[in-house]
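Below is one structure, written out as structure tokens, with a few remarks after it.
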Amino acid sequence: MTTTFIDTNTIPPVALPPGQGKYAEVLNRDRCGAKNVVGGLHWLNSGDSLSVANDSSTHQVVYLMEGEGEISLNGHGYHAAKGAGVYIGPADRADIRQTGDGTLKLFHLKVPHQPN
């Protein structure tokens, strides 16, 4: 595998169904040869949310790059702003919603679970 520069500003986001914002896949096998991970950017505006649910096959990380939101884990809400993140292990779930004035920009990384 070679080191690959990924200019995320040139990857056009796609609109998701109403209430789910926009998404651009920036890290995958086709773009840079990543065989076991997928990374994407999510943009959430007022009223938008992202639900991240796992089964036993993946680990996921969501990092807040810009804006403010609320992350709900096991029924408890946490205020989150730029620099916050959440790890979602196998069989876990997180719900993230935009709560600030501007767009909430998230980096979302999915990694397959490797049994011991």
Side-chain angles (χ1 to χ4, degrees):
M1 177 178 299
T2 56
T3 302
T4 304
F5 175 77
I6 303 167
D7 185 353
T8 61
N9 294 312
T10 64
I11 302 168
V14 296
L16 297 174
Q20 296 179 27
K22 296 185 290 183
Y23 176 75
E25 197 166 277
V26 298
L27 176 68
N28 59 31
R29 181 186 302 265
D30 293 337
R31 190 167 309 282
C32 61
K35 295 179 183 175
N36 294 316
V37 298
V38 173
L41 297 174
H42 288 274
W43 292 267
L44 304 179
N45 289 307
S46 180
D48 291 342
S49 63
L50 171 67
S51 291
V52 181
N54 262 344
D55 55 26
S56 61
S57 68
T58 60
H59 295 265
Q60 298 185 51
V61 173
V62 178
Y63 173 76
L64 284 72
M65 297 175 65
E66 296 175 4
E68 292 183 52
E70 181 176 281
I71 299 173
S72 178
L73 302 169
N74 300 319
H76 188 284
Y78 300 90
H79 176 264
K82 180 180 178 179
V86 62
Y87 163 77
I88 304 106
D92 288 337
R93 178 185 178 92
D95 295 294
I96 304 165
R97 66 183 181 93
Q98 186 269 7
T99 60
D101 292 330
T103 300
L104 178 60
K105 183 178 181 181
L106 307 164
F107 177 71
H108 183 185
L109 183 67
K110 298 177 187 179
V111 180
H113 176 66
Q114 300 295 319
N116 292 334

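For the single chain, residues carry numbers from 1 onward in sequence order.
Going from atom CG of Leu104 over to atom CD of Glu70 covers 11.5 Å, rounded to the nearest 0.5 Å. Here the CD1-CD1 distance, from Ile88 to Ile71, works out to 8.0 Å after rounding to the nearest 0.5 Å. Taking OG1 of Thr58 as the start and CG of Asp92 as the end, the distance is 10.0 Å to the nearest 0.5 Å. Residue Asn36 holds its CG atom at 12.5 Å from CG of Asn28, rounded to the nearest 0.5 Å. Rounded to the nearest 0.5 angstrom, Met65 CE and Phe107 CZ are separated by 8.0 Å. For the atom pair Tyr87 OH and Leu73 CG, the distance stands at 12.5 Å (nearest 0.5 Å).
Smallest separation of non-hydrogen atoms from Ala34 and Leu27: CB-CD1, 4.1 Å. In plain terms, the two heavy atoms of Gln98 and Ser46 that are nearest each other are OE1-CA, 3.3 Å. The shortest non-hydrogen separation linking Gln20 to Leu44 is O-CD2, 3.6 Å. Contact detail for Asp48 and Gly21: the closest heavy-atom pair is OD2-CA, 3.4 Å. Contact between Gln60 and Ala53 at its shortest, heavy atoms only, is NE2-O, 3.7 Å. In terms of heavy-atom proximity, Pro13 sits nearest to Ala24 at CA-CB, 3.9 Å.
Residue Asp7 qualifies as enclosed at atom CG: its count of foreign heavy atoms under 6.0 Å is above 12.
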Note to self: One pair to check against side chain to side chain contact (heavy atoms under 4.5 Å, CB included): Arg31 and Ile11. What are the steps and the verdict?
What the structure shows: CA-CA 10 Å; Arg31 190 167 309 282; Ile11 302 168; 3.5 Å; yes

Margin query: The test is side chain to side chain contact (heavy atoms under 4.5 Å, CB included); show your working for Lys35 and Arg29 and say whether it passes.
Written below: CA-CA 5 Å; Lys35 295 179 183 175; Arg29 181 186 302 265; 3.6 Å; yes

Checklist line | Derivation of the side chain to side chain contact (heavy atoms under 4.5 Å, CB included) call for Lys105 and Leu41 | finding: CA-CA 7 Å; Lys105 183 178 181 181; Leu41 297 174; 4.1 Å; yes

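At a threshold of 4.5 Å between side-chain heavy atoms, the hydrophobic network of Ile, Leu, Val, Met, Phe, Trp and Tyr places Ile6 and Tyr23 in two separate groups. Hydrophobic clustering places Val26 together with Tyr63 (ILVMFWY residues linked when any side-chain heavy atoms are closer than 4.5 Å, directly or through intermediates). Cluster membership check: Leu16 does not share its hydrophobic cluster with Val62, using side-chain heavy-atom separations under 4.5 Å among Ile, Leu, Val, Met, Phe, Trp and Tyr. No path of Ile, Leu, Val, Met, Phe, Trp and Tyr side chains, each step under 4.5 Å between heavy atoms, connects Val52 with Val38, placing them in separate hydrophobic clusters.
Remark: Glu68 engages His79 in a side-chain hydrogen bond (donor to acceptor under 3.5 Å, both in side chains) (not counting sequence neighbours).
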